[in-house]
Amino acid sequence: MASAKEGNGAPTKKTALHDLYELQGLSPWYDNLCRPVTDLLPLIASGVRGVTSNPTIFQKAISSSSAYDDQFKQLISGGKDAESAYWELVIKDIQDACKLFEPIYNETDGADGYVSVEVSPRLANDTQGTVEAAKWLHKVVNRPNVYIKIPATAECVPSIQEVIANGISVNVTLIFSIARYEAVIDAYLDGLEASGLSDLSRVTSVASFFVSRVDSLIDKMLEKIGTPEALALRGKAAVAQAKLANQLYQKKFSGPRWEALAKKGAKKQRLLWASTGVKNPAYPDTLYVDSLIGPDTVNTMPDQALQAFIDHGTVSRTVDANVSEAEGVYSALEKLGIDWDAVGKQLELEGVDSFKKSFDSLLVSLQEKGNSLKTASV
């Protein structure tokens, strides 16, 4: 690849993000979206290859910026309620971002350049509601490089299968355990098989495996146990589990079942490392990027992690290094009484809950804003 170009055609200097992709096959994405969407252009020039959003990101964007006010006023005066207006605001951002990333999508033949938008977090326990919402979002955004985000709750795993079978590309989010991750891979494979499509190359998916939140919870448990052995394992759980997830990925995307799908053009459901901002200041600020680098993976980084990696990240293949050490950490934690599935369930509940709260609080503030606009215009 030639030197990266800015929108005005001037070459920009290569960054560690370009190296991640070109040397290691990892796609760096950005975990944030707000207006003006053109703020993404310098990030694309610095090597960012996709964008993820979620209800919390939109709550922050819409409630802390006046950039949405004009469109919101038009929607409300046109008779839209707060929730319909919310979706119109979000869809415009997603469409505008898709346009910016479309060149990457085209250059990579649909392997990269995606923008992710999540179904309503209120549907996290509603299988059929999630399917309908995903179909609707896919239709109204109407861009080839949009990923519809669906949470990996027990109720939404069947939704993932059905949405994939409908030929819609999906970013599966809120994966916190190996067991649930395996169910997500199976839903993707089942969906591809059920699609009846002879060419599967346009239906793609990523599985967003969350990292830092795992350490935040398990570190607290280890501190409660308090033995030297327990304390020595702090900050090691998340990366260990992620490395084992990558081993599972290698296993599930090989062999006769996968080969039959690959013959029809199917693409592997890439592992996407999410929640990669470091929450504990005692840990290196690039911990969850440096430790999980390898081919066929994606890392979606919030602003601080992205800038830290550009500044002092290490580009070197690590995702499948020291796997036996990762296995050792994983089982040492089990021996201490840490139940990985219970950790996964708790984090999933907290994740769903946090997105619902963001969504609900944004709708309340939009409702209030809408009411005051109506009053002002009377």
Exercise. Could you label the plane-to-plane angle of the Y105 and Y114 rings as parallel, tilted or perpendicular, counting under 30° as parallel and over 60° as perpendicular?
Key: perpendicular

Exercise. With T52 as reference, evaluate N32, T173, N171, T300 under the side chain to side chain donor-acceptor pair (under 3.5 Å) test and give the passing residue.
Key: T300

Quiz item: Are K14 and E22 close enough for a salt bridge, meaning some N to O gap below 4.0 Å?
Solution: yes

Quiz item: Which of parallel (below 30°), tilted (30 to 60°) and perpendicular (above 60°) describes F176 and F210?
Solution: tilted

Quiz item: Between K369 and D69, is the closest basic N to carboxylate O distance under 4.0 Å?
Solution: yes

Quiz item: In terms of hydrophobic clustering (I, L, V, M, F, W, Y; side-chain heavy atoms under 4.5 Å; direct or indirect links), are I160 and L197 co-clustered?
Solution: yes

Practice problem: Mind running side-chain hydrogen bond (donor to acceptor under 3.5 Å, both in side chains) on T286 and D290 for me, showing each step along the way? | Solution: CA-CA 6 Å; T286 55; D290 284 346; 2.7 Å; yes

Practice problem: State which residue, out of S291, S212, P302, fulfils the side chain to side chain contact (heavy atoms under 4.5 Å, CB included) condition with T276. | Solution: P302

Quiz prompt | NZ/NE/NH1/NH2 to OD/OE distance under 4.0 Å, D215 and K236 | solution = no

Exercise. Measure the acute angle between the ring planes of Y86 and F359, then classify it against the limits of 30° and 60° as parallel, tilted or perpendicular.
Key: perpendicular

Quiz prompt | L292 vs T297, side chain to side chain contact (heavy atoms under 4.5 Å, CB included): CA-CA, chis, key distance, verdict | solution = CA-CA 9 Å; L292 296 169; T297 55; over 6 Å; no

Practice problem: Test side chain to side chain contact (heavy atoms under 4.5 Å, CB included) on E223 and L231 and set out the steps. | Solution: CA-CA 6 Å; E223 277 158 17; L231 297 176; 4.1 Å; yes

Self-check item: From CA spacing to verdict: side-chain hydrogen bond (donor to acceptor under 3.5 Å, both in side chains), H312, D285
Solution: CA-CA 9 Å; H312 52 265; D285 56 3; 2.8 Å; yes

Exercise. Walk me through it: do R35 and Q71 pass the test side-chain hydrogen bond (donor to acceptor under 3.5 Å, both in side chains)?
Key: CA-CA 12 Å; R35 290 187 191 177; Q71 189 191 357; 2.6 Å; yes

Self-check item: Working for side chain to side chain contact (heavy atoms under 4.5 Å, CB included), residues W29 and F101
Solution: CA-CA 11 Å; W29 289 6; F101 281 94; over 6 Å; no

Quiz item: With sequence neighbours excluded, what pairs up with E327 under the salt bridge (charged side-chain N to carboxylate O under 4.0 Å, His left out) test?
Solution: none

Quiz item: Using 4.0 Å as the upper bound for N to carboxylate O, is an ion pair formed by K264 and E259?
Solution: no

Quiz item: Should the pair Y181 and F209 be assigned to parallel (<30°), tilted (30 to 60°) or perpendicular (>60°) ring geometry?
Solution: perpendicular

Quiz item: V184, L272: one ILVMFWY side-chain cluster at the under-4.5 Å cut-off?
Solution: no

Quiz item: Thinking salt bridges, do R49 and D112 make one under a 4.0 Å N-O criterion?
Solution: yes

Quiz prompt | Carboxylate-amine/guanidinium proximity below 4.0 Å for D341 and R180 | solution = no

Exercise. Given side-chain hydrogen bond (donor to acceptor under 3.5 Å, both in side chains), test N125 with E155 step by step and report yes or no.
Key: CA-CA 5 Å; N125 307 109; E155 294 86 350; 3.3 Å; yes

Self-check item: Electrostatic pair K267:D296 at N-O distance under 4.0 angstrom
Solution: no

Practice problem: Describe, in one word, how the ring planes of W340 and Y330 are oriented to each other, choosing from parallel (under 30°), tilted (30 to 60°) and perpendicular (over 60°). | Solution: parallel

Quiz item: Is D96 salt-bridged to K92, cutoff N-O under 4.0 Å?
Solution: yes

Quiz item: Which of these, L40, I310, L306, sits in a side chain to side chain contact (heavy atoms under 4.5 Å, CB included) with V48?
Solution: L306

Practice problem: Using the rule that two of Ile, Leu, Val, Met, Phe, Trp, Tyr join whenever any of their side-chain heavy atoms come within less than 4.5 Å, decide whether Y147 and L189 are in one cluster. | Solution: no

Exercise. Tell me, yes or no, whether the heavy-atom count around E132 atom CD, taken from other residues, nucleotides or ligands under 6.0 Å, exceeds 12.
Key: yes

Quiz item: Looking at D109 and R202, does any basic side-chain N land under 4.0 Å from a carboxylate oxygen?
Solution: yes

Quiz prompt | I164-Y249 co-clustered via ILVMFWY side chain contacts under 4.5 Å | solution = yes

